[in-house]
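Structure, as structure tokens:
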Amino acid sequence: MSFSKQVKEELARVELKTRHCNIAEISAYILCCGRIVVDEYNEYSLLLHTENELVADRFEILVRTTFGAETIRTIYYGGATHHRTIHEIIIDNPEDCVVILQATKLLDSYGNLEEHFRTIHQIVLQNTCCKRAFIRGAFLSSGSISTPDKKYHFEIVCHSFDQASQIMNVLNAFHLDAKIVKRKNNYVVYMKEGEKIVDALNIMEAHVSLMELENIRIIKDVRNKVNRKVNCETANIKKTVSAAMKQKKDIEYLIEHNAFDRLPGPLKEIASLRLEYETASLVKLGAKLDPPVGKSGVNHRMRKISQIAEDLRNSQ
């Protein structure tokens, strides 16, 4: 089972809340995968299309529990390849539809569609608990999360920029730093920070999935720290070996051109140690001197030797 499906199964089992929270969640389903139909008699019906059986089940439970509305479900195959199972839920009782649409503020008190019916009225989302329910419904309707051991990516696909902006603003009311990107004919609200996605799971009340994601984040963080440390140590070793090889070449050049014996005593002493211990660090070379010399002192002597070798090369 994918991580995204696991999260949705957990969210679909979240206990129903107060009436106003249920209305906020219902409004998200209508916004993301619903359609308002007006017939020739100016009567309303509601249609909900989803490939996710969990969404269909939860929507039916919500409207029956909150409004006592009856639903009709039809299941058929659709999509580009006609291999996807589509759940179509219809509320065709005009009175039930008016009650639901007025509760979600998509109809005004006179039974007319509000100008903003393609987004949800802010009064439906004025409470923090209602914002949580709305995000849960939007994610269940058209959201997904990547498998976290591969990458961190949370998204909700929207039909219009206005819908995407509203969902982004509700997410960002919780400081989640969500953004919008256009993808073909849709607008996608997304987050890519693991910490923010954990917060989003907490807001939606997917606590089991949250703990699993946190465990994966901890493992990945430890692994990344180990890798960074190994890479850093490897780079230091390469740097040490590379510097030691250059020092060795400079010393050998001085020997080949009979300049080694003319070196001052301290330089000759450290040069002899470098030839004997080819890849030893400057600290270890300094410890072998009598009396011992620190890293900076050894480095100073090596630089003098290299300069003498370079001057000799230039004179040649």
Side-chain angles (χ1 to χ4, degrees), residues 4 7-8 11-12 14 17 20-38 44 46-52 55 58-59 62-63 100-109 112-146 151-206:
S4 192
V7 172
K8 289 191 175 185
L11 292 177
V14 171
K17 307 297 181 182
H20 51 82
C21 289
N22 292 347
I23 290 172
E25 187 171 340
I26 290 170
S27 70
Y29 296 125
I30 296 173
L31 180 72
C32 296
C33 59
R35 188 155 57 94
I36 303 169
V37 179
V38 185
Y44 295 101
L46 265 175
L47 275 72
L48 191 84
H49 288 84
T50 179
E51 296 176 19
N52 194 324
V55 173
R58 187 166 179 87
F59 180 76
L62 278 166
V63 294
I100 294 171
L101 293 173
Q102 285 183 336
T104 54
K105 303 304 178 185
L106 295 172
L107 291 185
D108 61 22
S109 57
N112 299 316
L113 280 173
E114 293 279 7
E115 291 182 4
H116 58 76
F117 73 95
R118 298 188 186 280
T119 57
I120 302 303
H121 199 291
Q122 288 303 315
I123 196 170
V124 177
L125 307 175
Q126 62 181 339
N127 298 323
T128 299
C129 55
C130 295
K131 289 185 177 72
R132 292 173 179 269
F134 178 79
I135 293 170
R136 180 167 56 248
F139 179 79
L140 274 167
S141 299
S142 55
S144 64
I145 297 182
S146 298
K151 62 178 181 178
Y152 300 126
H153 185 82
F154 171 106
E155 72 175 35
I156 297 174
V157 181
C158 304
H159 304 303
S160 71
F161 180 76
D162 289 341
Q163 291 176 1
S165 294
Q166 180 166 48
I167 292 173
M168 180 189 71
N169 290 335
V170 175
L171 286 167
N172 289 343
F174 296 95
H175 309 290
L176 295 181
D177 195 27
K179 296 179 176 63
I180 297 175
V181 65
K182 194 173 190 300
R183 183 188 298 162
K184 295 183 179 179
N185 295 325
N186 295 316
Y187 292 87
V188 181
V189 182
Y190 72 94
M191 296 181 291
K192 288 186 175 293
E193 287 186 40
E195 184 179 352
K196 301 298 184 183
I197 294 173
V198 167
D199 290 342
L201 291 175
N202 184 49
I203 289 164
M204 296 188 295
E205 298 184 76

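We number each residue from 1, following the sequence as shown.
- The two residues Ser4 and Gly143 have their closest heavy-atom pair at OG-O, 4.3 Å.
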List the atom pairs, donor and acceptor, that lie under 3.5 Å between side-chain atoms in residues 187-202 and the rest of the protein, sequence neighbours left out.
residue	atom	partner	partner atom	Å
Lys192	NZ	His153	ND1	2.9
Lys196	NZ	His175	O	3.0

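- Between Val170 and the choices Leu125, Leu176, Ile203, the side-chain contact (heavy atoms from CB on, under 4.5 Å) rule is met once, by Leu125.
- Listed by first and then second residue, the salt bridge (Lys or Arg N to Asp or Glu O under 4.0 Å) pairs involving residues 22-38 are Glu25-Arg58, Glu25-Arg136 (not counting sequence neighbours).
- Using a 4.5 Å heavy-atom threshold, the side chains of His49 and Cys33 count as separate.
- Listed by first and then second residue, the side-chain hydrogen bond (donor to acceptor under 3.5 Å, both in side chains) pairs that reach into residues 159-171 come to none, sequence neighbours excluded.
- Among residues two or more places apart in sequence or in another chain, the side-chain contact (heavy atoms from CB on, under 4.5 Å) test is passed with Ser27 by Thr104, Ile120, Val124, Phe134.
- Contact of the Phe139 side chain with the Ile145 side chain is registered, since non-hydrogen atoms from C-beta on lie closer than 4.5 Å.
- Counting non-hydrogen atoms of neighbouring residues, nucleotides and ligands closer than 6.0 angstrom, the NZ atom of Lys182 exceeds 12 such neighbours.
- Contact of the Ile30 side chain with the Ile100 side chain is registered, since non-hydrogen atoms from C-beta on lie closer than 4.5 Å.
- Aromatic ring orientation, Tyr29 versus Phe59: perpendicular (interplanar angle above 60°, classes split at 30° and 60°).
- Residues in residues 165-181 take part in these salt bridge (Lys or Arg N to Asp or Glu O under 4.0 Å) pairs, two or more places apart or across chains: Asp177-Lys179.
- Residue Leu31 holds its CG atom at 8.5 Å from OG of Ser141, rounded to the nearest 0.5 Å.
- Going from atom CG of Leu11 over to atom CD1 of Ile135 covers 11.0 Å, rounded to the nearest 0.5 Å.
- Cys158 contributes atom SG, which lies 7.5 Å from atom CD1 of Ile180 (distance to the nearest 0.5 angstrom).
- The salt bridge (Lys or Arg N to Asp or Glu O under 4.0 Å) check on Lys17 picks up Glu205, with sequence neighbours excluded.
- No side-chain donor-acceptor contact under 3.5 Å links Lys131 to the backbone of Ala133.
- Here the straight-line distance linking atom CG of Asn127 with atom CZ of Arg132 works out to 12.0 Å at 0.5 Å rounding.
- Taken from CD1 in Ile156 to CG in Asn186, the straight-line distance is 13.0 Å, to the nearest 0.5 Å.
- Here the side chain of Asn172 pairs a donor or acceptor atom with the backbone of Ala178 at under 3.5 angstrom.
- The OH atom of Tyr44 lies 9.5 Å from the CD atom of Gln102; values are rounded to the nearest 0.5 Å.
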